[in-house]
Amino acid sequence: MLIVLGLGILYMFNPIDYKWMPHCLVKQFTGLSCPGCGLMRAAHAALHGRFAEALAYNYWLVLTIPYVLALVIEKVMPAGRTKSRVGHVLGHRYMLGFYIVTFLAWFVIRNVYDL
């Protein structure tokens, strides 16, 4: 229910236009864009059907959205062998390592190239 409320608020209010919307603490304190910078603006654009704009706010979404969707699907799957297999794949150390490496790489790349 809180997610629906949050998405509703995000749909109605553009984070760019309102000072009361949360801002990235990493950016405020260091001046660097963290890998999550732009996610609220991207979500606002995506909720309005502007997917290219959403992607432009944060390119790491290409990797993040499918993984998060898979995690959500795995959580709502009925218990059983398939859920167990999916859980093992999503939680495997190589999968987690991949996301940690891409997270750190995106942090460096977006600040070096000002993306």
Side-chain angles (χ1 to χ4, degrees):
M1 185 64 170
L2 287 175
I3 293 172
V4 173
L5 177 65
L7 289 174
I9 290 170
L10 196 53
Y11 180 84
M12 293 186 300
F13 301 101
N14 188 341
I16 296 170
D17 299 331
Y18 296 94
K19 296 279 185 201
W20 55 267
M21 293 292 258
H23 297 282
C24 180
L25 294 175
V26 173
K27 182 94 171 181
Q28 287 179 340
F29 290 120
T30 67
L32 298 173
S33 296
C34 77
C37 279
L39 287 179
M40 287 189 51
R41 291 174 287 156
H44 177 78
L47 287 170
H48 287 272
R50 300 187 311 262
F51 300 108
E53 181 183 339
L55 181 61
Y57 281 123
N58 193 320
Y59 295 115
W60 200 56
L61 289 173
V62 172
L63 295 175
T64 305
I65 289 174
Y67 187 68
V68 170
L69 286 175
L71 288 172
V72 169
I73 290 169
E74 187 263 335
K75 292 297 177 199
V76 298
M77 289 176 75
R81 201 166 150 191
T82 303
K83 180 175 182 162
S84 177
R85 286 182 181 174
V86 171
H88 285 300
V89 169
L90 294 175
H92 193 276
R93 63 185 173 122
Y94 290 137
M95 181 68 79
L96 296 174
F98 170 78
Y99 275 93
I100 291 169
V101 168
T102 60
F103 180 86
L104 295 172
W106 176 237
F107 182 72
V108 172
I109 290 167
R110 82 178 312 182
N111 286 292
V112 168
Y113 294 105
D114 199 27
L115 299 173

Going by atom type alone, with no hydrogens or angles, which donor-acceptor pairs under 3.5 Å involve a side-chain atom of residues 8-23 and a protein atom two or more places apart or on another chain?
from  : atom 1 : to    : atom 2 : distance (Å)
Asn14 : OD1    : Ile16 : N      : 3.1
His23 : NE2    : Met21 : O      : 3.2

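- Contacts of Phe98 classified as ring pair (Phe, Tyr, Trp, His ring centres under 6.0 Å), with partners at least two apart in sequence or in another chain: none.
- Annotation: Tyr59, atom OH; neighbour count of heavy atoms from other residues, nucleotides and ligands within 6.0 Å does not exceed 12.
- What you find for Ala46 and Phe51 is that their closest heavy atoms are O-CE2, 3.6 Å.
- There is no path of hydrophobic side-chain contacts, each under 4.5 Å, that joins Met40 to Leu25.
- Under the 4.5 Å side-chain heavy-atom criterion for ILVMFWY residues, a single connected hydrophobic cluster contains both Tyr113 and Val108.
- Residue Trp60 comes nearest to Thr102 through the heavy atom pair NE1-OG1, 3.3 Å, listed as atom of the first residue, atom of the second, then distance.
- What you find for Tyr57 and Ala45 is that their closest heavy atoms are CE1-CB, 4.4 Å.
- By the rule that hydrophobic residues join a cluster once side-chain heavy atoms approach within less than 4.5 Å of another member, Trp106 and Val112 end up as members of one cluster.
- Residue Leu39 is found in a hydrophobic cluster whose other members, listed by chain and number, are Leu61, Ile65, Leu69; membership requires side-chain heavy atoms under 4.5 Å apart, directly or through intermediates.
- Listed for the Tyr99 side chain is a donor-acceptor partner under 3.5 Å among the backbone atoms of Leu63.
- In this structure, Phe103 is not a member of the same hydrophobic cluster as Val26, with clusters built from ILVMFWY side-chain heavy atoms closer than 4.5 Å.
- Hydrophobic clustering (ILVMFWY, side-chain heavy atoms < 4.5 Å, transitive): Val68 and Val86 are in distinct clusters.
- Counting only heavy atoms from C-beta outward, the side chains of Ser84 and His88 approach each other to under 4.5 Å.
- Asn58 places a side-chain heavy atom less than 4.5 Å from the side chain of Arg110.
- Centroid-to-centroid, the aromatic rings of His44 and His48 come within less than 6.0 Å.
- Heavy-atom minimum distance, Ser33 versus Lys27: OG-NZ, 2.9 Å.
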